[in-house]
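In what follows, a structure is listed as structure tokens, so that the remarks can point back to it.
In this text the structure is predicted, and so the values were computed from the model without any measurement.
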Amino acid sequence: KPEYVLGEWDGLLAGVKAGRYDLMANGVGFTDERNEAYTFSDFYAFNRTALVVRTDNTDINSLEDLNGKTTCNSANSTYQLTAEAYGATVKDVESLDGTIEELLAGRVDATLNAEVSINDYLKEKPGAEIKIVAFDPEVEKVGMIMPKGDDSKALQEAINKALKELKESGKLAEISIKYFGMD
């Protein structure tokens with residue numbers, strides 16, 4: 001029977017790496033570096049990374065326009081890495097709400113986040129003065145992570161089996177559509 005633990009992004013990653021947690025299921029995007037440090041499950045989601053600005057911003061229309069600008073994202077997130085790759089300075093923020101607050105207050109120029117998260121935010125706050133102006137051409141692959149090593153092998157196999165059953169039955173798509181409005 002699982003024991004669920006809520007925590008900050010960096011603390012969860014470190015906890016998995018140190019073996020304090022058996023599994024992290026929190027929209028963990030695949031990177032080569034993470035693959036070296038953790039054991040990944042099969043991918044269960046594929047997200048487009050959205051570039052978001054205030055509705056009155058006309059200077060940023062592409063990822064290339066981030067060069068020399070400031071964004072905010074969770075520390076060590078794939079969104080931070082993408083922003084830095086395009087030349088942005090990244091301010092660490094702990095939550096999507098905090099990110100949007102920084103953006104709306106004009107303390108940062110833009111933010112990057114999952115399209116589904118931004119769409120959900122806009123559904124909850126339809127008057128928010130933000131807009132998606134571009135998408136990263138690379139689709140982010142999302143899986144669950146476990147500590148590296150043989151001790152995680154049985155858990156990885158069980159998770160992959162369950163994910164396969166959910167995909168084949170259509171249940172995974174059904175859940176995605178229910179909560180995110182898209183598969």
Side-chain angles (χ1 to χ4, degrees), residues 4-16 24-31 34 43-145 166 170-183:
Y4 296 96
V5 177
L6 298 176
E8 299 302 325
W9 177 260
D10 277 351
L12 295 175
L13 288 170
V16 170
M24 180 177 170
N26 187 9
V28 183
F30 179 88
T31 66
R34 286 182 184 160
F43 304 124
Y44 65 87
F46 301 87
N47 291 326
R48 293 194 312 168
T49 297
L51 172 57
V52 181
V53 298
R54 291 177 5 174
T55 54
D56 63 353
N57 184 312
T58 57
D59 296 334
I60 300 174
N61 298 295
S62 70
L63 291 165
E64 289 77 12
D65 293 337
L66 290 176
N67 191 27
K69 302 288 196 258
T70 302
T71 68
C72 57
N73 291 101
S74 298
N76 298 313
S77 67
T78 53
Y79 309 119
Q80 175 188 1
L81 299 173
T82 300
E84 289 173 343
Y86 281 96
T89 300
V90 179
K91 179 179 180 179
D92 294 340
V93 177
E94 294 181 11
S95 69
L96 178 61
D97 284 339
T99 298
I100 301 301
E101 287 172 19
E102 291 291 304
L103 180 61
L104 290 173
R107 291 187 286 268
V108 297
D109 301 302
T111 189
L112 298 170
N113 213 300
E115 175 185 23
V116 293
S117 297
I118 298 302
N119 287 342
D120 190 53
Y121 183 90
L122 288 169
K123 188 170 90 177
E124 295 294 319
K125 299 177 182 179
E129 294 186 10
I130 61 171
K131 62 183 177 182
I132 296 173
V133 292
F135 294 99
D136 188 336
E138 297 293 320
V139 175
E140 182 180 47
K141 298 176 273 188
V142 176
M144 298 177 215
I145 60 170
L166 289 168
K171 188 69 176 172
L172 198 57
E174 182 183 313
I175 292 168
S176 182
I177 291 166
K178 178 180 178 180
Y179 292 100
F180 301 114
M182 66 178 77
D183 180 7

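- Judged by distance alone, with hydrogens and angles left aside, the side-chain atoms of Tyr79 form a donor-acceptor pair with the main-chain N or O of Ala114 at under 3.5 Å.
- By the side chain to side chain donor-acceptor pair (under 3.5 Å) test, Asp109 pairs with no residue at all, sequence neighbours left out.
- For Phe30, the ring-ring contact (aromatic ring centres under 6.0 Å, His included) criterion is met by Phe40, Phe43, not counting sequence neighbours.
- Taking all atoms of both residues into account, the shortest heavy-atom contact from Gly27 to Tyr44 is N-OH, 3.5 Å.
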- List the steps and the verdict of side chain to side chain contact (heavy atoms under 4.5 Å, CB included) for Ile118 and Leu96. CA-CA 9 Å; Ile118 298 302; Leu96 178 61; 4.0 Å; yes
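- Take Asp56 and apply the salt bridge (charged side-chain N to carboxylate O under 4.0 Å, His left out) test, not counting sequence neighbours, and it matches Arg54.
- Judged as a side-chain contact (heavy atoms from CB on, under 4.5 Å), and not counting sequence neighbours, the contacts of Ala88 are Leu66, Thr71, Ala83.
- You'll find the side chain of Pro137 reaches within 4.5 Å of the side chain of Leu63, heavy atoms only.
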- Task: Show the numbers, then the answer: is there a side chain to side chain contact (heavy atoms under 4.5 Å, CB included) between Arg34 and Ile145?
- Result: CA-CA 9 Å; Arg34 286 182 184 160; Ile145 60 170; 5.8 Å; no
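- For Thr78, the side chain to side chain donor-acceptor pair (under 3.5 Å) criterion is met by Glu140, not counting sequence neighbours.
- Taking the side chain to side chain donor-acceptor pair (under 3.5 Å) definition, one finds that Gln80 meets it with Glu84, sequence neighbours left out.
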Please tabulate, for side-chain N and O atoms in residues 98-105, each donor-acceptor pair with protein atoms closer than 3.5 Å (sequence neighbours left out).
| unit_1 | atom_1 | unit_2 | atom_2 | d |
| --- | --- | --- | --- | --- |
| Thr99 | OG1 | Ser95 | O | 2.9 |
| Glu102 | OE1 | Lys91 | NZ | 2.4 |
| Glu102 | OE1 | Arg107 | NE | 3.2 |
| Glu102 | OE2 | Arg107 | NE | 3.1 |
| Glu102 | OE2 | Arg107 | NH2 | 3.2 |

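- A donor-acceptor pair under 3.5 Å links the side-chain atoms of Asp65 to the main chain of Ser62, judged by distance alone.
- Remark: side-chain polar atoms of Asn73 are paired, donor with acceptor, to backbone N or O of Leu112 under 3.5 angstrom.
- The shortest heavy-atom contact between Thr111 and Cys72 is OG1-O, 2.7 Å.
- Under the side-chain contact (heavy atoms from CB on, under 4.5 Å) criterion, Glu138 pairs with Asp136, sequence neighbours left out.
- What you find for Gly7 and Leu12 is that their closest heavy atoms are O-CD1, 3.6 Å.
- Evaluation of the side chain to side chain donor-acceptor pair (under 3.5 Å) rule for Thr70 yields no partner, not counting sequence neighbours.
- A heavy-atom distance below 4.5 Å is not found between the side chains of Asn113 and Val52.
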Donor-acceptor pairs are to be reported for all side-chain atoms of residues 120-134 against protein atoms at under 3.5 Å, with residues two or more places apart or in another chain.
| unit_1 | atom_1 | unit_2 | atom_2 | d |
| --- | --- | --- | --- | --- |
| Lys131 | NZ | Thr55 | O | 3.4 |
| Lys131 | NZ | Asn57 | O | 3.1 |

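- Taking CG from Asn67 and OH from Tyr86, the interatomic distance works out to 11.5 Å, rounded to the nearest 0.5 Å.
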Would you list the atom pairs, donor with acceptor, under 3.5 Å between side chains in residues 171-183 and any protein atom, with sequence neighbours excluded?
| unit_1 | atom_1 | unit_2 | atom_2 | d |
| --- | --- | --- | --- | --- |
| Lys171 | NZ | Glu174 | OE2 | 3.1 |
| Ser176 | OG | Met182 | O | 2.5 |

